[in-house]
Amino acid sequence: MVHCVALVVAAGRGSRLGGPIAKQWLDLDGRPLLRHSLETLAAHSMVDGVRVVIHPDDHDRYAQATRGLALGQPIEGGETRQESVRLGLEALADDPPDLVLIHDGARPFVDGDLIARVIEVLENHHGAIPALRVHDTIKREREGLVAGTIPRDGLWLVQTPQGFRFADILEAHRAARGLQLTDDSAVAERAGLRVAIVAGSEDNVKITTPSDLERASEIARRSGEVCVGMGYDVHRFAPGTEVILCGVRIPHDRRLEGHSDADVGLHAATDAILGAIGAGDIGRHFPPSDARWRGADSSLFLARAGELAGAAGASLLHLDVTIICERPNIAPHAAAMTARLAAILAVDPGRISVKATTTDGLGFTGRAEGIAAQAVATLRMPRRSPR
């Protein structure tokens, strides 16, 4: 059986985009830009593994951006993209795959059909690249003036992932060490390899400038479908000195009673996310009959729900949590709760809302017998799974 590994190059600094953060770590539709392509590649049935080449300074960002994804250890890149690719290939050489896909981490919208087209062509060619035909007239410029027209016949706009037989492209990169070639197919051409062209995708854009990022945001907004999940949880009071709500400890004359830490806020949020992706409820994944979860930190439950959402290709658009109680007063702690939820789910705090209400003395919460919480999670899901 053919063994294929995807090598995603994300070691650049993204200077043309500007800003203090390299483009691959910027937020795009609630997730780091890099994570979009990693999720697609990792879920593809024809891809057996994914490795990422990163800048040596980016290990913490990588760990946060890839949480919950089954990826190999990151590989530290070099001074140039070409050097980073070679280092990535060398890292795979100890257990070499038959095929390798080399993808730019700044292309978030690679799709499953495009990946399959590239891999299928490698049966009869040394390499394969996705590309789009050039339809616009191309001019050569000199000092701000038109200096000539380039015939567009046979011209293509090249994308990634570019696929190769692993042994061939490793040897080609070793031979091209120190050169400044523009992409991996150029390295392959120099080595005399036969590289086929397959149909690319208009949405498979590379993020280089601020306008590219705006276009990517538009693509994300029109892609996929929106799913909504709802969660609700209740816990009674018991003797104690504090309550834990949305991961924040609040001094109180009682505590909440439950098998875990009884954090109704995190429990409701967990159920909301699980509901949105059709993954059951918290009891299915963390049954109270299992001693492992006795007294457990409920952040583990919410983090797992976030991981399952990521594995399903979903991105969190918004999470709204409402705490229902007479006491304690939630307002002074709402900002800390918001920050804690955002940290657990690795999203921007602007996508999280925490608020509270009372029942004006009515019902069990009005009688101060316990605390309830409800949550609504809105996620964007892919329209179809990768091949």
Side-chain angles (χ1 to χ4, degrees), residues 4-17 22-25 33-34 37-38 41 47 49-59 61-62 71-108 110 115 118-119 122 125-132 155-198 200 204-209 212:
C4 178
V5 170
L7 184 67
V8 181
V9 187
R13 299 291 83 190
S15 58
R16 280 178 285 182
L17 189 63
K23 58 190 175 185
Q24 60 268 30
W25 312 117
L33 189 151
L34 173 64
S37 59
L38 295 182
L41 289 161
V47 177
V50 179
R51 299 289 298 276
V52 185
V53 184
I54 65 172
H55 191 278
D57 295 340
D58 287 346
H59 282 274
R61 292 189 184 277
Y62 171 83
L71 309 180
Q73 289 296 312
I75 303 162
E76 292 190 356
E79 293 295 322
T80 66
R81 182 193 182 280
Q82 185 174 325
E83 181 67 4
S84 291
V85 172
R86 187 189 65 78
L87 290 171
L89 294 172
E90 296 284 6
L92 299 179
D94 290 339
D95 183 20
D98 301 301
L99 308 176
V100 63
L101 300 178
I102 304 173
H103 185 60
D104 288 330
R107 289 187 186 270
V110 59
I115 293 167
V118 171
I119 293 173
L122 294 177
H125 297 83
H126 299 111
I129 60 172
L132 300 174
L155 294 183
W156 295 76
L157 300 174
V158 176
Q159 301 178 334
T160 67
Q162 298 184 3
F164 304 93
R165 297 176 186 174
F166 178 78
D168 292 333
I169 195 63
L170 175 59
E171 182 180 351
H173 261 281
R174 286 171 172 170
R177 187 173 182 176
L179 301 180
Q180 296 297 319
L181 302 176
T182 57
D183 74 340
D184 301 295
S185 65
V187 174
E189 293 167 43
R190 180 180 179 276
L193 302 180
R194 295 171 62 247
V195 179
I197 292 177
V198 303
N204 188 24
V205 295
K206 183 178 181 181
I207 310 305
T208 303
T209 67
D212 295 331

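All values below were derived from every heavy atom in this structure, side-chain atoms included, with hydrogens, water molecules and symmetry-related copies excluded. The shown structure was predicted, so the numbers you read here are calculated from the model rather than taken from an experiment.
- Side-chain contact between Glu76 and His59: present, with at least one pair of heavy atoms (C-beta onward) separated by less than 4.5 Å.
- Across all their heavy atoms, Gly163 and Leu122 have their closest contact at O-CD2, 3.4 Å.
- The structure places OG1 of Thr182 at 9.0 Å from CD of Gln82, a figure rounded to the nearest 0.5 Å.
- In this structure, Val53 and Leu87 have side chains that are not in contact, with every pair of non-hydrogen atoms separated by 4.5 Å or more.
- The 12-atom threshold is not exceeded at CD of Glu171, counting heavy atoms of other residues, nucleotides or ligands nearer than 6.0 Å.
- Checking side-chain atoms of His126 against main-chain N and O of Arg194 turns up a donor-acceptor pair under 3.5 Å.
- Residues Ala10 and Val52 share a closest heavy-atom pair of CB-CG1, 4.1 Å.
- Heavy atoms only, all atoms of each residue included: Gly77 and Ala11 are closest at CA-CB, 4.3 Å.
- In this structure, Asp212 does not pair ionically with Arg107, as no charged nitrogen and carboxylate oxygen lie closer than 4.0 Å.
- Atom-to-atom distance recorded for Arg165:CZ and His125:NE2 is 9.0 Å, nearest 0.5 angstrom.
- Annotation for Ser37 and Val110: closest pair CB-CG1, 4.0 Å, computed over non-hydrogen atoms.
- Side-chain contact between Gln159 and Ile129 is absent, with no heavy atoms from C-beta onward closer than 4.5 Å.
- Rounding to the nearest 0.5 angstrom, the gap separating the CD1 atom in Ile102 from the OG atom in Ser84 is 11.5 Å.
- Residues Asp58 and Arg13 form a side-chain contact, since some pair of their non-hydrogen atoms from C-beta on lies under 4.5 Å apart.
- A donor-acceptor pair is defined here as one N or O able to donate and one able to accept, closer than 3.5 Å; no such pair exists between the side chain of Lys23 and the backbone of Ala106.
- Under the 3.5 Å distance criterion, the side-chain polar atoms of Gln162 are left unmatched by any main-chain donor or acceptor of Asp183.
- The CG atom of Leu132 sits 8.0 Å away from the CG atom of Asn204 when rounded to the nearest 0.5 Å.
- Nearest heavy-atom pair across Val118 and Pro161 is CG2-O, 3.7 Å.
- Minimum heavy-atom separation, Val158 to Ala131: CA-CB, 4.1 Å.
- Classification of Glu83 and Arg86 as a salt-bridged pair holds, one side-chain N sitting under 4.0 Å from a carboxylate O.
- Residues Phe164 and Leu170 have side chains not in contact (no heavy-atom distance under 4.5 Å, counting atoms from C-beta outward).
- Of the possible donor and acceptor atoms, one in the side chain of Thr160 sits under 3.5 Å from a partner among the backbone N and O of Asp104.
- Under the 4.5 Å side-chain criterion, counting only non-hydrogen atoms from C-beta, Asp184 is in contact with His173.
- Between the CD1 atom of Ile75 and the CG atom of Leu89 there is a distance of 8.5 Å, given to the nearest 0.5 Å.
- With hydrogens and angles ignored, the 3.5 Å screen pairs no side-chain donor or acceptor of Gln24 with any backbone N or O of Leu34.
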